Amino acid sequence: MKRYSPADIEPKWQKKWTESRIYAAEDFSDKPKFVMLTEFPYPSGAGLHMGHLREYTLGDIIARYKRANGYNVLFPMGYDAFGLPTENYAIKNKISPQIATDQNTAVFRRQLDMMGYSIDWQRSFATSDPDYYRWTQWMFLQFFEKGLAYRDEIAINWCPFCKTGLANEEVVNGRHERCDNLVEKKMLKQWMLRITDYAERLIDGLADVDYPPRIADQQINWIGKSVGAEIDFVIASENPPVIANKTSSVIASKQSMDRHGDKSPRDDKITVFTTRPDTIFGATFMVLAPEHPLVAEITTAEQKVEVETYVRAAQAKSEIERQETDRAKTGTFTGAYAINPANNEKIPIWIADYVLMGYGTGAIMAVPAHDERDWEFAKKYNIPIVAVIARDFGEKLENSKQVEGVVVIGYDPTTKKFMRLTNNNVKSGWLVSGGRDENETFEEAARRELAEEAGYVKIEKLIELGVPVYSYYYNDNKRSNRRSLSHNFLAILDSSQTTSQNQETHEDFSIIWDDFDEIYKNVETTEGGVEHWLHALKQAKVAVKNYEKNEEFTPEMFAGEGIMINSGEFDGQDSTEAGKAIVEWLAKKDAARAKTQYKLRDWVYSRQHYWGEPIPIIHCEKHGAVAVPDDELPVELPPVDHYEPTDDGHSPLSKIDSWVNTTCPKCGEPAKRETDTMPNWAGSNWYYLRYYDAKNDKAFASPEKLKYWGMADLYLGGMEHTTLHLLYSRFHHQFLYDQGLVPTPEPYAARRGQGIVLAADGRKMSKSLNNVVDPTPIIESGYGADAARLGVTFLAPYDQTTPWSPEAVAGCYRFLGRVWNLACDVIASDAKQSMDRHDDKSPRDDVLRILHQTIKKVSDDLERMNFNTAIAALMEALNGFSKDAAEVDREMMSVFVQLLAPFAPHIAAELYEELGNTEPIEKAGWPTWDEKYLIEETMTIAVQVNGKLRGEITVAADASEDEIKTAAVAVENVHSFIGNKKPTRVIYVPGRVVNVVI
RNA sequence: GCGCGAGUGGCGGAAUUGGUAUACGCGUUCGACUUAAAAUCGAAUGGGGAAACCUGUGCGGGUUCAAGUCCCGCCUCGCGCACCA
C-alpha cells in the first residue's frame, strides 16, 4: 500500500457516504433514538470557523459513537439565515440578501462535507426559506392569539449603527453584542413577547433537564427572581403639590395637572417594592427614580427648580454612565413627605438616579441602616439612620431567657491604647461588661460598669458603637440559656485621669493596655463566644479613627438577617419571620401585598430591518391589529431596491406602498401591513423541531414524528447563547407545550457548552487582530479532515477555552500516518495466525491486553465526553502495538480502527476495508472488552517509607498481602531507610502501594 | 460588589474512592538514515546535584501512614451579572 494520503481517501469516502445515504435517520425505527443536536451555523460570508469545527466535530464523534452502539441517530444540520450580518453583507456587495444567503450556504455545505460529518442532509433547511418561515410566522400568531404577543410603546434599546431595536439580552455592557456599538434608549412602538409570564417556569424547568451548573446558574441569575412585597406609602397631605406650569415641561405632565384638585388621600400613594419588609421601621426616607411619573406631582414650589435640573441631568446621562456602580450617589429632595405605614413617621421623598424606573415600581423605601446604597445616600445627605435589625452572633440556644447589658471599650487618647481586664492569666482578657439595672439607661449602665470594674469615672466622650448585638450563652449559676442584647460603647477617657480610681467591687482585676491588634488577639483567645466582642472592637477602631479626625461616628451598615429592634411589637423576633408577619399586618390595613419580582423583561420582538420574517399582522382602523389568516401564510418578503435600514425607526418594507397597503381580513376595508420583522432568534426558536419532519407542508411537524423524536438528547453549543437563544427557545417551547403543540415540556434533555478556541497567542480570534485561523486551508494543505478533527478534539477538554495549536494538528497527522503504516505492515505480513500461542507472558498477551484496555478506556471516556483522553489512549495503544508489531493481526487492527472511527472516520473506513473486512465499518458495531485480557501476570507496586517513594517491587498478580509486605521491606533501598528501626505499621493499598511507617 | 469556574514542566494538558504527580501531544537535545535538507525512526527531557539524595501541583496553615485531590485562611486569572431595592 501507498503512504497515508488524506487527499486521496477522504473525498472518496465522502462521496460514498453521500450516495449511500448511510447516515440518514429513520423515522419510527425500532432502535432507540438519539438526537444529537448542534447549534446550526449562521451562513456568513466568512465561511466555517474554528468554533464550528470544534462543535460539529464533537457532535459527529458522539453521533458516530451512538450509531455504533445501536442507536437510531439523528444528526441534523440547517442554516440560521435571517439577520443583520447577511443584510450588511448584501448591502456591501450590492446583491440581494437571498442571493448572499444562497452563496454562503453553498460554501458552508462544501466545507461541512469536507469534514466528513455524518449529517442527515435530507432534513436540512434555512430559516429564510418561505416553507420554513411560514411556520415561524404561524407560531408568532399562536402567541398573538393567546395575548402573549402584544404591542407597547416603551423606551427600548436602540442600536444607532444597526438602526434597530434590540432585546435586553442582546445588550452586553451597554453595547450591542453583535456590532459592539453603544446602545441608546429610544421610544418606539414595539411588538413584545411576554416571556416574563414564563419566568418561574424557566427556573423550575431546569430541575428536569441535565444542564451544567454554570449554564443553569447563569439562566437563573438572568431571570433574577426576588421574593418580597409591595408596600404603599401615603403622601403626606400638608405639602400641597405645586401645579407645574407649561414651561416646565421636563417634569410637568398633563396627567398631573388633571389629577390635582380632587384627590382622595388613598390615591396619593407611592408603591415600593422591597425584599426586606422586615426593615420597614427603619425606612427614614423614600427615593423615586427621576423618571417616576409622580415626581412632577409631588415636587413643592421651593424644590421645583432643583428637581427639574436633576431630572434633566439624569436624562442626559448615557446608559453607560448611569450603570457605573462606583459612582457617588446623587439626588435631590422633592420637598414632599410620605407616611411610613409601619410607624406613621413622616419621611422625606427624594429622587435619585440610583433608583431605576425599569425595575419594581421605580420607587423604594430607603433603609439606610440595612442597605448599602441607602446608607451611602443617607450619609451624604445627612438623613437619619435608624437601625432596626440587630446582629445575631453565635449559635442560637433554645429556650433562652433574654437579658440586657453593655460592653464598654476603654480608650486612652494619650497613649492610643485600649483597655482590657485580666486576673492572673495574662494571656487572655476581657472587656468591661455587665447587665443593665432596672430604671437605668444603657449609657448609665456603661458608665457604672466602667467605674465599678475598671475604676474610671472621668470620660471625655462616650460613643455608642452602632447597632446593638445579640449573643447566646449558657449561664452556669442559673443553669439556663441566655440571649443577651448588648449595647456596645467606646469610652474615650479623660486624659486628666491617668490611673484607675474607685475600683471598688473587683479589686482582683488588673487592667492591661493594648494596641488594637493585641487586644483583638487576646480577647480572641478567651474561651466562649466572643464574636460579638470582636465585632465591637472593630467598631471601636472605626469610632476612634472618626474621633481623631473630629468626625461623627456613623454606625455601620448591616444588610444581613438578625433580630428585630426598634420595631414596635415585632421586637425580639427573628427578622426572617418578622418580615412575613409585617407584610400580613400591613396587608390587613390594605397597605401591602406579597410580591415576586424578576429582572427578566418582556422580549422586544420587533426589528426594523428587511432580512427577517415579516410579522404577520395587518393594522385595520376598525379592528386594530389583526392576524394574517393561516391560509395566507407565509407573508413573503417582497423584493425591494434598497435594503438599507432607516433612521426613523421603520424597516425598509414601510417604503413599499404596494406591499404595505392591503385589506383587513376581518372587514375587507383598506388596511396596512406591519412592517417590522422578527429578530434573528425567531427562526432558531424552534428549528430543532423542523428536523423531525422537515418536508411537512401541513404542519410545522407531525404530532407522530414529534412524539417519536421527543427531546433533543444532547444539545451542544456556545456558552454565549445561554441567556439568548437557549433561554428564548426554552420559553418558546414551553409555550408550544402549553398549547398542546409539542409533547415535551422542555426542548433539550441535556445541554453542554463547548469552549472557545482562542488564537495561538491566547487572545480571541478576530479579524482586527489578524490572528484568525480557518479550518479549510489546514485540510487542503495536506493534513486532511481526520487530522484536523483529531487536532481540535485533542487540544483540551471539550468545554474548556483553549488556544489553537497548529503543531497539535501536525502531531495528529503523524499519529494517523503511524496508524496507516502499522496497518500496512499487518496486512503485508499476514502471517500471524497465532491465536493459539499461549506461552506465559507472551508478547501477544501484552498486545491483546493493550487492545482490551484501550476498548475499555475509549468507551468510558466517550461516555463521559473525555474526548481528549480517549485520543491519548489511542495514541498510547499505538505506541504499545508498535513495540510488538509482529504480534498484531488483522482482527486486532480492525478493532483498533473501529475505536478510531468516531474521531477519524475516513482513515478508519479505508483501513477497515483494506484489512479485509467485507462489511462497511458502519455496520461493525462497537467493540466490547473482555476482562480476562485485562488481567496481568505480575504487578508493580510502589514502596514508600513514611509516605516517600523509596522503591518498587514486581510481584505475581495473585501474591498475598503478607508476601507483598515482606517483599517490600526486603527491598535494599527500603531496608537502608528503615535501618534498625522497627516499622510501627505497614499499609498495603491493593495493587498500588506499600507504605512502611517507622 | 454578587454568582460560577480555574491555577500542575518551556507549551496544550493527564491523574476513579486521598495511594508511584507530570499520561498523551507539542517543543527542545542527542543519535540513526541522507551528499545535504525535509520527512521518518530511536533515545533523553520538572528543578538542584557527580551521586546518594533533596525538592516540586498559586501562597500560608491543618487533617492523614499518605494530599494536585479533603478542611481553614489568602492571592491571582477567566467567564457571566452588576446601583435589580
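Values in this document were obtained by computation on a predicted structure and should not be read as measured data. To find a chain, count down the sequence lines: A is the first, B the second, and so on, and within it residues start at 1. Because only heavy atoms are used, hydrogens play no part in the values below, and waters and symmetry mates are left out as well, while side chains stay in.
- Across every strand in view, B:A15 sits unpaired, with no contact that passes the Watson-Crick or G-U test at under 3.5 angstrom.
- Pairing for B:U45 goes to B:G27, judged as Watson-Crick or G-U wobble with the two contacts each under 3.5 Å.
- Figure legend. B:G73 is base-paired to B:C59; pairs are counted as Watson-Crick or G-U wobble with both atom distances under 3.5 Å.
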Steps toward side chain to side chain donor-acceptor pair (under 3.5 Å) verdict (A:W603, A:E169):
CA-CA 9 Å; A:W603 182 4; A:E169 288 77 10; 5.3 Å; no

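- Nucleotide B:G68 has no partner under the Watson-Crick or G-U criteria, as no pair reaches both atom distances under 3.5 Å.
- Sequence order on RNA chain B of the closest nucleotides to A:P803 and A:K599 puts A:P803 first from the 5' end.
- One finds a salt bridge joining A:R751 and A:E39 here, because a Lys/Arg side-chain nitrogen approaches an Asp/Glu carboxylate oxygen to under 4.0 Å.
- Taking only side-chain nitrogens and oxygens, A:Q218 never comes nearer than 4.0 Å to OP1 or OP2 of B:G3.
- The partner of B:U35 is absent, by the rule that a Watson-Crick or G-U pair needs both atom distances under 3.5 Å.
- Taking the C1' atoms as reference points, B:A6 lies 15 Å from B:U69, given to the whole Å.
- At the heavy-atom level, A:N995 lies under 4.0 Å from base atoms of the strands shown.
- Contact annotation: A:T802 side-chain N/O to B:G13 OP1/OP2 distance is under 4.0 Å.
- Among the protein residues, A:N879 comes within range of the sugar-phosphate backbone only, with heavy atoms under 4.0 Å from sugar or phosphate atoms but none that close to a base.
- Side-chain atoms of A:K329 come within donor-acceptor range of the base of B:C83, with a qualifying N/O pair under 3.5 Å.
- Nucleotides B:U17 and B:U64 have their C1' atoms positioned 15 Å apart, rounded to a whole Å.
- Distance from the side chain of A:D217 is smallest for B:C4 among the nucleotides B:C4, B:C26, B:A21.
- Panel note: side chain A:T284, backbone A:I385; no donor-acceptor pair is recorded below 3.5 Å.
- At a threshold of 4.0 Å, the pair A:D278-A:K580 does not count as salt-bridged, since none of the basic side-chain nitrogens sits closer than that to a carboxylate oxygen.
- Residue contacts shown for A:P213 are absent, as no nucleic acid heavy atom lies under 4.0 Å away.
- Nucleotides B:C74 and B:C65 are separated by 29 Å at their C1' atoms, to the nearest Å.
- B:A82 and B:C2 are spaced 8 Å apart, taking the C1' atom of each and rounding to whole Å.
- A gap of 35 Å separates the C1' atoms of B:A38 and B:G47, to the nearest Å.
- The nucleotide B:C2 finds its pairing partner in B:G80, both defining distances of the Watson-Crick or G-U wobble pair being shorter than 3.5 Å.
- If you measure from atom OH of A:Y813 to atom C1' of B:G25, you get 17 Å, rounded to the nearest angstrom.
- Comparing B:G68 with B:G7, their P atoms sit 14 Å apart, to the nearest whole Å.
- Within 4.0 Å of A:D860, counting heavy atoms only, lies no atom of the nucleic acid at all.
- Regarding contacts with the backbone of B:U40, every side-chain N or O of A:R818 stays at 4.0 angstrom or more from both OP1 and OP2.
- Per the geometry, NZ belonging to A:K764 stands 18 Å off P belonging to B:C77, to the nearest Å.
- In this structure, A:Y359 and A:F273 have perpendicular ring planes: the angle between them is above 60°, well past the 30° mark.
- Between A:N868 and the phosphate of B:A14, there is a side-chain N or O to OP1/OP2 separation shorter than 4.0 Å.
- A:Q944 comes within 4.0 angstrom of a nucleotide base, judged by non-hydrogen atoms across all strands.
- The separation of B:C11 from B:G48, taken at their P atoms, amounts to 15 Å, rounded to a whole angstrom.
- Residue A:S805 is classed as having no contact, given no heavy-atom separation below 4.0 Å to the nucleic acid.
- Here A:R992 reaches the OP1 or OP2 of B:U20: one of its side-chain N or O atoms lies under 4.0 Å away.
- For the pair A:K329 and A:Y354, the cation sits on the ring face: its NZ or CZ lies under 6.0 Å from the ring centre, inside 45° of the axis.
- Backbone-only engagement by A:N973 is indicated by non-hydrogen atom pairs under 4.0 Å involving sugar-phosphate atoms exclusively.
- Under the 3.5 Å distance criterion, the side-chain polar atoms of A:S766 are matched with a main-chain donor or acceptor of A:L769.
- Applying the 90° cutoff around 0 to the glycosidic angle, B:G9 is assigned syn.
- Counting any heavy atom pair closer than 4.0 Å across all strands shown, A:T940 reaches a base atom.
- Using a 4.0 Å heavy-atom cutoff across all strands shown, A:G811 reaches sugar-phosphate atoms only and no base atom.
- The phosphate of B:C54 has OP1 or OP2 within less than 4.0 Å of a side-chain N or O from A:R950.
- Along RNA chain B, the nucleotide closest to A:S976 and the one closest to A:I871 are compared, and the more 5′ of them pairs with A:I871.
- Protein atom NZ of A:K225 is 23 Å distant from nucleotide atom P of B:C2, rounded to whole Å.
- Counting any heavy atom pair closer than 4.0 Å across all strands shown, A:L795 reaches sugar-phosphate atoms only and no base atom.
- No salt bridge links A:R214 with A:D217; every basic N to acidic carboxylate O contact stays at or beyond 4.0 Å.
- The same atom, P, is picked in B:U8 and in B:A15; the two are 15 Å apart, to the nearest Å.
- Within the nucleic acid shown, A:E952 comes within 4.0 Å of at least one base atom, counting heavy atoms only.
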